[in-house]
Protein chains: 2
Amino acid sequence: MDTAEEIIKYFIRIRERPNVLEEYHKKLFEGMRLAEVHCIDKIGSIEDANVTKIATEMHMTRGAISKICKKLLCRKLIDSYQKPENNKEVYFNLTEEGKEIYFVHKKYHDRAIQSYLDMLTAYTEDEEKAILKFLQAMNVIYDKQSAVFSQVKDKEEV
Amino acid sequence: MDTAEEIIKYFIRIRERPNVLEEYHKKLFEGMRLAEVHCIDKIGSIEDANVTKIATEMHMTRGAISKICKKLLCRKLIDSYQKPENNKEVYFNLTEEGKEIYFVHKKYHDRAIQSYLDMLTAYTEDEEKAILKFLQAMNVIYDKQSAVFSQVKDKEEV
DNA sequence: TCTACATTGTTTCCTTGGAAACAATGAGAG
DNA sequence: CTCTCATTGTTTCCAAGGAAACAATGTAGA
């Protein structure tokens, strides 16, 4: 197996790895579902977060996010508010309790990012450039595949 | 943002991308769920595939795979068989109809792999080595996180 | 050999999340 | 201004899959 083939092999392995890790600790820590913590994270970081924006960022449907936010509201982890000039859109804020979870999550997240950065110090600038170029290229390929998929879907809907 | 940080950004983006693509065409083509096609692929490629082996490879529970195989058996896409020396384990084979799906899937899969390989021809051998080293290192980090997660889980079960 | 334990596959119960229909509101064209 | 269409958020319905209990079988140690 040459280097290119091995790259593909490891790349696919990474894609296939379940999400179980990285953030899952917090599910255990606070008895919350991964998606709920993730949602809190988005509400904490997006300006005037609403259902639609969160759904887009989390690659989930508005329906799913709507349900999660409802749950978070019940548990008083978030608050909702509206703007005087718009009666349709509903925005979310973290409550004090929500912020606690936000920061615990952030701590773990930052720690994970740092471990990646530490690992990357072993590479030269040229190597880093190559890695980055590769990752960007893979994203472009996925975008293209996504576009093809959308076309197929559109045809079906006709 | 320096190169290392950008690498992490794109890496996370790739991890977060939904699976929607790459194989999803076939769901449309043959009216089958992604996991079902994936399962057929494993049965076609694993020697004496059984529920446990498939579950491990697909990062799913035995229960889930058991149900999928039951469905595939009903639809006559796979056959089951046993060995004389073991009354417990049940193995699966593809039927002729199952093999058709297997090869259609394989065609798309190989085409995707080829597009990755084509993209990689633009890199020097040294660059490829760096990319590979990075992907392997990321896998190691994930393994470590996995191990930590298992420990936490074990503690809970006590 | 017999007994405890491990492993396999299955089933039941439950939660998550998608699809899609819906109501409410906003925006834009005439 | 009004009508149409787009957008937002919600809800209902349903399927997929995990957790866990279970039965059946295999295995290893006394």
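Computed from a prediction, not measured in an experiment: that's the story for all the values here. Naming: A, B, ... by sequence-line order, numbering from 1 per chain.
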Report, as yes or no, whether the 6.0 Å neighbourhood of atom NZ on B:Lys9 holds more than 12 heavy atoms from other residues, nucleotides or ligands.
-> yes
Flag if over 12 foreign heavy atoms under 6.0 Å of NZ, B:Lys76 = no
B:Lys88 atom NZ is separated from D:dT25 atom P, nearest whole Å, by 10 Å
Rounding to a whole Å, what distance do you find between B:Gln82:CD and C:dT10:C1'?
-> 14 Å
Polar side-chain atom of A:Thr3 near backbone of B:Lys129 as donor-acceptor pair, under 3.5 Å = no
Sub-3.5 Å donor-acceptor pair from the side chain of B:Arg15 to the main-chain atoms of A:Arg15, do we have one?
-> no
Side-chain N or O of B:Arg33 less than 4.0 angstrom from OP1 or OP2 on D:dA15?
-> no
Between residues 69-81 of chain A and DNA chain C, which residues have a heavy-atom gap below 4.0 Å?
-> A:Lys71
Which of residues 46-65 of chain A sit near DNA chain C, with a heavy atom under 4.0 Å from it?
-> A:Met60, A:Thr61, A:Ala64
Note, A:Met58 side chain near A:Lys42 side chain (heavy atom, < 4.5 Å) | yes
Taking C-beta and beyond as the side chain, do B:Met60 and B:Ile54 meet within less than 4.5 Å on heavy atoms?
-> no
Polar side-chain contact A:Lys67-C:dG18 base: donor and acceptor under 3.5 Å | yes
Between B:Lys53 and B:Glu47, does at least one N-O distance fall below 4.0 Å, as a salt bridge requires?
-> no
With sequence neighbours left out, the residues meeting ring-ring contact (aromatic ring centres under 6.0 Å, His included) with A:Phe11 are A:Phe134
